[in-house]
Amino acid sequence: MVEITLEDIKAFSKEYNANATNKIIENAITANGLENACLDRDIIRENQPVFNIELPDTKRYDQKESWKCWIYAGFNMIQYNMAENLNIDLMDFELSSNYIAFFDKLEKANTVYENIISLPIENATLEHIKKEQLLKNCVTEAGFYEWFASIIKKYGIVPYSYMPNPKEGEDGVKISLIFREKVKKDVICLLEEKKQGKNEEELRNLTKTYTKQNYIFLSKILGEPPMTFNLEYKDKNGTYISRKQLTPIDFKNQYLTLNLDDFVSITNMPMYNKEYNKVYRLKYFGNVYKNSYRQFLNLPIEDLKRCAVKQLKDGIPVCVTLDIASKSVYEKQGILDTRIYNYENTLNMHSLSKREGLDFSEIHLSHCMTIIGVNIVDEHIERWKVEDSYGAGPDEKPNGYYTMNDNYFDKFVMDIIINKKYLTEEQKKMLDQEPIEYDMDMEDEI
């Protein structure tokens with residue numbers, strides 16, 4: 001055993017004080033804070049918010065503490081197409097995240113029930129359920145593009161004014177905690193019935209009751225989703241438009257002409273347990289049962305960039321999942337750059353590589369946003385324009401956008417959603433391979 005002794009501390013102190021620079025740095029940090037003392041202003045000047053490929057501005061969303069970044073990123077991807085089909089100004093167009101969140105929770109609970117029902121009787125034990133992580137984040141507010149697409153395909157979509165955000169919709173934690181307890185109590189009852197020999201039909205009749213209870217539960221908190229609505233608005237020309245008794249599916253079918261099934265997830269996760277050119281699928285975890293798998297093709301980072309640029313040139317935003325809780329974010333001016341704070345020289349430390357950060361759970365899929373611009377000079381990508389869903393304030397990123405240096409893309413971007421037509425022919429064939437299933441890992445907690 002190596003023990004730290006008082007003699008060690010004295011020796012450390014002597015060496016620390018022998019270098020006058022250490023005290024200068026100590027005084028600067030303790031007086032001004034770590035970030036202010038380490039901020040590199042040359043990097044701020046380098047990251048000018050100017051882009052030579054850039055999509056038009058849209059209405060700013062503010063997710064508050066709702067954990068709905070994945071829904072807003074999905075909206076930012078599809079709203080250009082819908083606004084064009086509606087002939088409405090993008091700044092006047094807003095979709096209901098509450099509608100998507102309602103059915104997401106309803107379906108996530110149903111998937112939990114189905115996973116329990118499908119267990120062989122010998123695996124209907126708490127030990128197996130914990131090992132397989134069947135209930136980990138079972139009705140979480142977080143999500144992925146695949147879940148966004150699955151809800152829209154099944155339930156459609158509505159404008160914001162027909163199902164606005166309720167008060168409780170601004171804080172996802174409280175709803176999740178209460179709803180999760182209810183669902184887990186249902187699971188306990190299901191397991192008891194399963195052990196008593198009830199067959200699948202009898203168990204599913206029981207889950208129908210649970211789902212009815214869940215619908216009533218969610219309606220009380222989030223508001224009941226509209227079955228039909230009268231669409232009324234003025235288009236860009238000032239013309240009054242009225243469509244009577246539209247269902248959310250009607251609205252989606254008439255005004256969303258992007259085929260959501262054409263878009264796939266490609267990732268850059270150079271990890272110990274994930275190889276390039278392989279397809280991976282997240283086991284058990286989804287909303288619409290067996291129709292919302294979190295599935296992706298793992299590729300080198302340059303392939304993600306190439307596909308993202310092609311999609312932007314075609315006028316379609318790129319949903320991106322990345323680590324925004326990193327040590328390389330300057331919120332005041334909305335800059336993402338791995339060099340923005342000079343920790344390495346100031347604190348004499350060495351940063352983890354992307355692979356090391358992923359392997360040791362220091363880099364996570366923590367936030368979904370939307371890439372809507374890029375600056376390319378002499379075929380070299382300098383920076384990206386990224387739209388966030390936390391709005392904008394006087395002490396936050398300008399107008400709700402980040403300027404993301406390409407070095408940040410290299411290290412902290414892990415997932416983008418692109419139309420599969422931008423893949424190479426060889427990569428398209430890779431999508432057909434049998435997915436490698438994996439359990440819920442830390443890198444997927446968003």
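For reference, positions follow the sequence shown, starting with 1. Just so you know, these numbers use all the heavy atoms, side chains as well, and skip hydrogens, waters and symmetry mates. Owing to the predicted nature of the structure, the values given are computational and were not obtained by experimental measurement.
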Can you see whether [X] engages [Y] through a side-chain donor-acceptor pair at a distance of less than 3.5 angstrom?
{"X": "H367", "Y": "D388", "answer": "yes"}
{"X": "Y272", "Y": "E356", "answer": "no"}
{"X": "E232", "Y": "S242", "answer": "no"}
{"X": "N291", "Y": "K154", "answer": "no"}
{"X": "E141", "Y": "S66", "answer": "no"}
{"X": "Y72", "Y": "E387", "answer": "no"}
{"X": "N214", "Y": "T211", "answer": "no"}
{"X": "Q295", "Y": "Y280", "answer": "no"}
{"X": "N98", "Y": "N165", "answer": "no"}
{"X": "Q133", "Y": "K283", "answer": "no"}

Query raised in the report: How close do P226 and V158 get, heavy atom to heavy atom, and via which atoms?
Result: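 The pair with the smallest heavy-atom distance is CG-CG1, 4.1 Å.
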**Report entry** For the student: nearest non-hydrogen atoms of G400 and R60, plus distance
**Finding:**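 Nearest pair, atom of G400 first, then R60: CA-CD, 4.0 Å.
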If you count every heavy atom of other residues, nucleotides or ligands that lies below 6.0 Å from [X] atom [atom1], does the total exceed 12?
{"X": "F360", "atom1": "CZ", "result": "no"}
{"X": "E181", "atom1": "CD", "result": "no"}
{"X": "D57", "atom1": "CG", "result": "yes"}
{"X": "K208", "atom1": "NZ", "result": "no"}
{"X": "K153", "atom1": "NZ", "result": "yes"}

Query - Residue pair D104, N287: steps toward the side-chain hydrogen bond (donor to acceptor under 3.5 Å, both in side chains) verdict - result: CA-CA 6 Å; D104 172 66; N287 51 25; 3.0 Å; yes
[X]: what forms a side chain to side chain contact (heavy atoms under 4.5 Å, CB included) with it, not counting sequence neighbours?
{"X": "I178", "result": "K174, F217"}
{"X": "E146", "result": "F144, S265, R294"}
{"X": "K252", "result": "I152, I157, I249, L256"}
{"X": "K185", "result": "none"}

Requested in this report: For the pair F75 and Y61, name the ring-plane relationship: parallel under 30°, tilted 30 to 60°, perpendicular over 60°.
Outcome: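 Plane angle between 30° and 60°, so tilted.
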Requested in this report: Give the ring-plane orientation class for Y145 versus F148, where under 30° counts as parallel, over 60° as perpendicular and anything between as tilted.
Outcome: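 Aromatic pair Y145/F148 classed tilted.
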Tell me which donor-acceptor pairs under 3.5 Å the side chains of residues 430-437 have, and how far apart each pair is, sequence neighbours excluded?
residue : atom : partner : partner atom : Å
Q433    : OE1  : V279    : N            : 3.3
Q433    : NE2  : N277    : O            : 3.1
Q433    : NE2  : M430    : O            : 3.0

**Report entry** Pair listing, salt bridge (charged side-chain N to carboxylate O under 4.0 Å, His left out) test, anchored in residues 64-86, at least two apart
**Finding:**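 Only D62-K64 qualify under salt bridge (charged side-chain N to carboxylate O under 4.0 Å, His left out).
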With the side chain counted from C-beta on, respond yes when [X] and [Y] share a heavy-atom pair under 4.5 Å apart, and no when they do not.
{"X": "L231", "Y": "I241", "value": "no"}
{"X": "V413", "Y": "N268", "value": "no"}
{"X": "V318", "Y": "M77", "value": "no"}
{"X": "D410", "Y": "K305", "value": "yes"}
{"X": "L203", "Y": "Y113", "value": "no"}
{"X": "Q79", "Y": "T58", "value": "yes"}

For [X], which residues count as a side chain to side chain donor-acceptor pair (under 3.5 Å) partner, sequence neighbours excluded?
{"X": "R339", "answer": "E46, D337"}
{"X": "E193", "answer": "K198"}
{"X": "T228", "answer": "Q245"}
{"X": "E114", "answer": "R204"}

Requested in this report: Please determine if K429 and E426 form a salt bridge, counting it only when a charged side-chain N lies under 4.0 Å from a carboxylate O.
Outcome: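 The answer is no: the pair does not qualify as a salt bridge.
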Requested in this report: Give a yes or no on whether a salt bridge exists between D323 and K411, defined as a side-chain N under 4.0 angstrom from a carboxylate O.
Outcome: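 So D323 does not pair with K411 through a salt bridge.
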Report task. Test D314 against K310 for salt bridge (charged side-chain N to carboxylate O under 4.0 Å, His left out), laying out the working first. Result -> CA-CA 7 Å; D314 283 348; K310 284 187 175 183; over 6 Å; no
Decide if the gap between the ring center of [X] and the ring center of [Y] is smaller than 6.0 angstrom.
{"X": "Y401", "Y": "W384", "value": "no"}
{"X": "F251", "Y": "F229", "value": "yes"}
{"X": "F93", "Y": "Y233", "value": "no"}

Query - side-chain hydrogen bond (donor to acceptor under 3.5 Å, both in side chains) between Y390 and Q63, worked out - result: CA-CA 5 Å; Y390 276 108; Q63 71 178 68; 3.0 Å; yes
Query raised in the report: What distance separates K420 NZ from L297 CG, expressed to the nearest 0.5 Å?
Result: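 With rounding to 0.5 Å, NZ (K420) is 12.5 Å from CG (L297).
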Query - side-chain hydrogen bond (donor to acceptor under 3.5 Å, both in side chains) between R243 and Y255, worked out - result: CA-CA 12 Å; R243 301 281 186 271; Y255 299 108; 3.3 Å; yes
Report task. Just grab all the side chain to side chain donor-acceptor pair (under 3.5 Å) pairs involving residues 120-130, residues at least two apart or on different chains. Result ->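 Qualifying pairs: none.
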**Report entry** Single hit among N298, T321, D415 for side chain to side chain donor-acceptor pair (under 3.5 Å) with T267
**Finding:**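 Of N298, T321, D415, side chain to side chain donor-acceptor pair (under 3.5 Å) with T267 is met by N298 alone.
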Query raised in the report: Going through the distances and angles, do Y215 and F102 end up as a ring pair (Phe, Tyr, Trp, His ring centres under 6.0 Å)?
Result: CA-CA 9 Å; Y215 180 91; F102 182 101; 5.5 Å; yes
**Report entry** Selection residues 308-341 - residue pairs positive for ring-ring contact (aromatic ring centres under 6.0 Å, His included), sequence neighbours left out
**Finding:**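 For residues 308-341, and leaving out neighbouring residues, the ring-ring contact (aromatic ring centres under 6.0 Å, His included) pairs sorted by first residue read Y341-Y343.
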Requested in this report: Measure from the side-chain N and O atoms of K354 to the backbone N and O of P270, and report whether any donor-acceptor pair falls under 3.5 Å.
Outcome: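 Pair absent, no side-chain N/O of K354 close to backbone of P270.
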Query raised in the report: Looking at L336, T338, I324, V329, which one forms a side-chain contact (heavy atoms from CB on, under 4.5 Å) with F412?
Result: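 In the set L336, T338, I324, V329, the residue that makes a side-chain contact (heavy atoms from CB on, under 4.5 Å) with F412 is T338.
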Query raised in the report: Yes or no on side-chain hydrogen bond (donor to acceptor under 3.5 Å, both in side chains) for T257 and N81, after CA distance, side-chain angles and deciding distance?
Result: CA-CA 7 Å; T257 52; N81 173 261; 2.8 Å; yes
